[in-house]
Amino acid sequence: MKSSSEKRTIKKRTILRVSKYLFRYRTLFGLTLGFAILMTLLEISVPLAIQRIFDQMEISGSIESFESLWVGILIIGLLYLGSEVCNCLRIRVNNQLEQKVLLDMRSDLHTKLLKLSVTFYDQRKSGELASRVVEDVANVERALLDGTEQGMSSILKIAGISIALFYMQPTLAFCVFLPVPILLVVGIFYAKRSRTVWKKVRESASELNSLIIEDIQANRLIQSFGLQDKEKARFASMAEDLKDKNLRAMYRWAFYSPATTLVTKLGFLSIIGIGGFMVFNGDQTLSIGTLIAFFLLANMLYQPIAQLHGLNHLLAAGRASGERVFEILDTPIDVAEAKEAKDIKRRDLSIRFENVSFQYPERAAVISNFNLLIEKNKVTALVGHTGAGKTTIANLAMRTYDASTGQITFADEKIQNISLKSLHNHIGFVAQDPFLFDGTIRENLILGKVTANESEINAALDKASALEFVNGLPQGLDTRIGEKGIRLSQGEKQRITIARVLLKNPPFVVLDEATASVDTITEKKIQKALENLASERTVLIIAHRLSTVKKADYIAVLDKGVIIESGTHKKLLNEGGTYAKLWQIQSDRIPETIEHS
């Protein structure tokens with residue numbers, strides 16, 4: 001549990017950090033405040049003009065009163081017009097400021113999300129993160145801009161009206177301010193209580209967003225397993241929870257808003273009672289015109305006070321969302337760029353693991369004191385049962401994670417000393433579950449090389465055994481493939497992914513179970529594409545299907561993060577160990593002839 005002083009510090013820090021986004025655009029912010037000040041002055045001038053009209057009508061004759069009335073009406077009309085012109089300009093400027101701040105916050109959050117390591121995403125739901133980027137940022141922006149702009153406008157009105165009231169009649173002005181301390185106490189109490197409640201609302205909304213995204217992504221599984229009723233029940237439970245938390249937050253507002261309104265109306269009663277008594281008793285400091293103006297100004301005073309209390313509701317939700325936004329922005333980057341990072345430009349590179357250990361958070365070590373050389377321009381394969389550490393080693397070689405201890409060198413440089421951009425430019429990755437963006441085949445391919453021309457794209461597709469099926473599509477390269485390439489088969493998606501890596505032409509390629517999810521015929525097509533991909537480059541293959549590693553230059557058999565056997569396919573079969581047994585099981589036939597040395 002955080003102490004009250006720590007909570008106050010977090011609150012102040014959140015408000016200060018959010019304000020920095022606002023002050024990036026000082027000119028727009030200044031214009032917004034300038035128009036708000038001018039609008040306030042014009043609005044305050046209206047009751048004063050009304051006072052002058054009624055006072056002149058009371059003092060002067062009927063003809064002069066009639067002329068004064070029309071002049072006064074014209075002046076009041078001009079004041080109203082000027083006020084609304086300023087309001088129009090204020091809104092236009094404020095909208096620009098609002099969108100710029102919103103864009104900056106979302107861009108900073110998105111940039112940070114792109115920099116964070118896989119470990120961060122392993123521990124969070126995509127829907128919850130999306131909720132922070134879209135909804136929480138919007139809440140912060142509303143609290144920041146509406147809170148600042150309306151808050152400053154309200155404070156200016158309160159200050160201006162207060163000066164006018166005390167100048168007109170100090171005694172009556174004191175009565176107007178009697179409810180203010182009560183409003184302040186109630187407002188502070190509400191703000192403290194509601195922030196926690198609104199944070200729970202945001203967390204519950206994130207959970208519901210996560211469920212919706214999960215159901216959309218798993219729609220085929222839900223239909224095939226008949227899980228509709230189960231998912232409806234999950235949705236109903238989470239939606240009910242969100243409803244209850246929203247109602248709990250609004251419940252406080254249901255008491256707070258009417259209570260503050262009632263207190264302000266008691267202030268009006270004091271003006272009518274005391275002001276009326278002073279007029280009937282012939283008080284020279286209070287004329288009928290002054291009392292009318294006083295009543296109008298008091299009404300204008302209570303409006304910004306009520307507005308400030310209304311902002312409490314907005315600021316409470318904004319602060320809760322702000323904490324959630326800055327929680328991501330403050331997340332340390334596990335795989336960080338070195339201060340003096342180097343670029344590498346070699347194509348003939350090797351990767352060496354020296355006494356490397358690694359463990360995932362709150363889990364036992366996956367590998368300990370691991371040693372391996374992935375030789376340049378050769379194919380190295382890692383095989384073994386699930387959980388043996390194969391994918392972890394591949395991730396370490398690509399610096400998806402940093403090793404807990406030990407050293408990894410990439411092209412004879414410590415991998416941590418290489419700039420991430422340079423490192424990623426030298427790596428190609430083909431996963432078991434290929435990812436394609438919602439767009440055309442061409443758009444997905446040129447991610448590997450933006451400047452690729454038609455002949456280069458076709459050459460990559462040909463080497464990936466994908467040219468024939470792409471040419472057979474209705475729009476060829478310009479065929480839209482849907483989200484995650486849903487309109488293509490698994491084998492077609494895999495070959496497009498291979499073509500994308502071929503187009504990028506990196507010196508180091510990682511193939512992670514690239515043929516695990518396809519049939520035998522498709523596997524042969526992908527295998528041919530992989531052989532083209534492996535030509536004249538350093539390759540690391542992760543595989544369960546031993547047929548994909550048969551031609552590898554070096555095969556390491558892993559068990560619980562330890563290399564228990566190594567060598568070529570032929571050598572490992574001759575040894576008759578774990579690899580030979582796996583080969584026999586998978587081939588479902590008499591093993592290849594074993595040569596005894």
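Because the structure is a prediction, the values reported are computed rather than measured.
In this structure, Asp108 CG and Tyr21 OH are separated by 3.5 Å, a value rounded to the nearest 0.5 Å. Taking CG of Asp136 as the start and CD of Glu327 as the end, the distance is 10.0 Å to the nearest 0.5 Å.
Environment of CZ in Phe437: sparse, with no more than 12 heavy atoms of neighbouring residues, nucleotides or ligands closer than 6.0 Å. Shown here is Arg24, whose CZ atom has more than 12 heavy atoms of other residues, nucleotides or ligands within 6.0 Å.
In this structure, Ser422 contributes its side chain and Ile344 its backbone to a donor-acceptor pair below 3.5 Å. The closest donor-acceptor contact from the side chain of Arg500 to the backbone of Ile446 lies at 3.5 Å or more, if one exists at all. Side-chain N or O atoms of Arg26 include one that pairs as donor or acceptor with a backbone N or O of Phe23 at under 3.5 Å. Side-chain N or O atoms of Lys112 include one that pairs as donor or acceptor with a backbone N or O of Thr331 at under 3.5 Å. Distance alone, capped at 3.5 Å, places no donor-acceptor pair between the Ser237 side chain and the Ala233 backbone. With Glu413 contributing its side chain and Phe410 its backbone, the two residues share no donor-acceptor pair below 3.5 Å. Of the possible donor and acceptor atoms, none in the side chain of Gln99 sits under 3.5 Å from a partner among the backbone N and O of Gln96. Side chain of Thr400 to backbone of Leu396: no donor-acceptor contact under 3.5 angstrom is found. Judged purely by atom type and a 3.5 angstrom limit, Lys493 has no side-chain atom pairing as donor or acceptor with the backbone of Pro434. One N or O on the side chain of His424 and one on the backbone of Leu420 form a donor-acceptor pair closer than 3.5 Å.
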For residues 377-388, dump all side-chain donor-acceptor pairs below 3.5 Å to protein atoms at least two apart in sequence or in another chain.
residue : atom : partner : partner atom : Å
Thr386  : OG1  : His544  : NE2          : 3.4

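A donor-acceptor pair shorter than 3.5 Å can be found between the side chains of Tyr360 and Thr392.
For the pair Arg487 and Glu492, the salt-bridge criterion is not met [side-chain N within less than 4.0 Å of a carboxylate O]. Here Lys245 pairs with Asp241 in a salt bridge; the nearest charged N to carboxylate O distance falls below 4.0 Å.
Scanning all heavy atoms of the two residues, the minimum distance from Gly428 to Pro506 falls at N-CG, 3.5 Å.
The side-chain contact (heavy atoms from CB on, under 4.5 Å) with Val430 is formed by just one residue from the set Leu511, Val510, Asp512, Ile541; it is Leu511. The side-chain contact (heavy atoms from CB on, under 4.5 Å) with Val470 is formed by just one residue from the set Ile496, Leu445, Asn458, Leu488; it is Ile496.
Taking 4.5 Å as the limit, every side-chain heavy atom of Gln416 sits out of range of all side-chain heavy atoms of Gln407.
Listed by first and then second residue, the salt bridge (Lys or Arg N to Asp or Glu O under 4.0 Å) pairs that reach into residues 460-476 come to none, sequence neighbours excluded.
In this structure, His569 and Tyr579 have perpendicular ring planes: the angle between them is above 60°, well past the 30° mark.
Partners of Lys560 under the side chain to side chain contact (heavy atoms under 4.5 Å, CB included) rule, at least two apart in sequence or in another chain, do not exist in this structure. Listed by chain and number, the residues in a salt bridge (charged side-chain N to carboxylate O under 4.0 Å, His left out) with Lys243 are Glu240 (sequence neighbours excluded). When the side chain to side chain donor-acceptor pair (under 3.5 Å) test is applied to Asn471, no partner is found at least two apart in sequence or on another chain. Contacts of Glu337 classified as salt bridge (charged side-chain N to carboxylate O under 4.0 Å, His left out), with partners at least two apart in sequence or in another chain: none.
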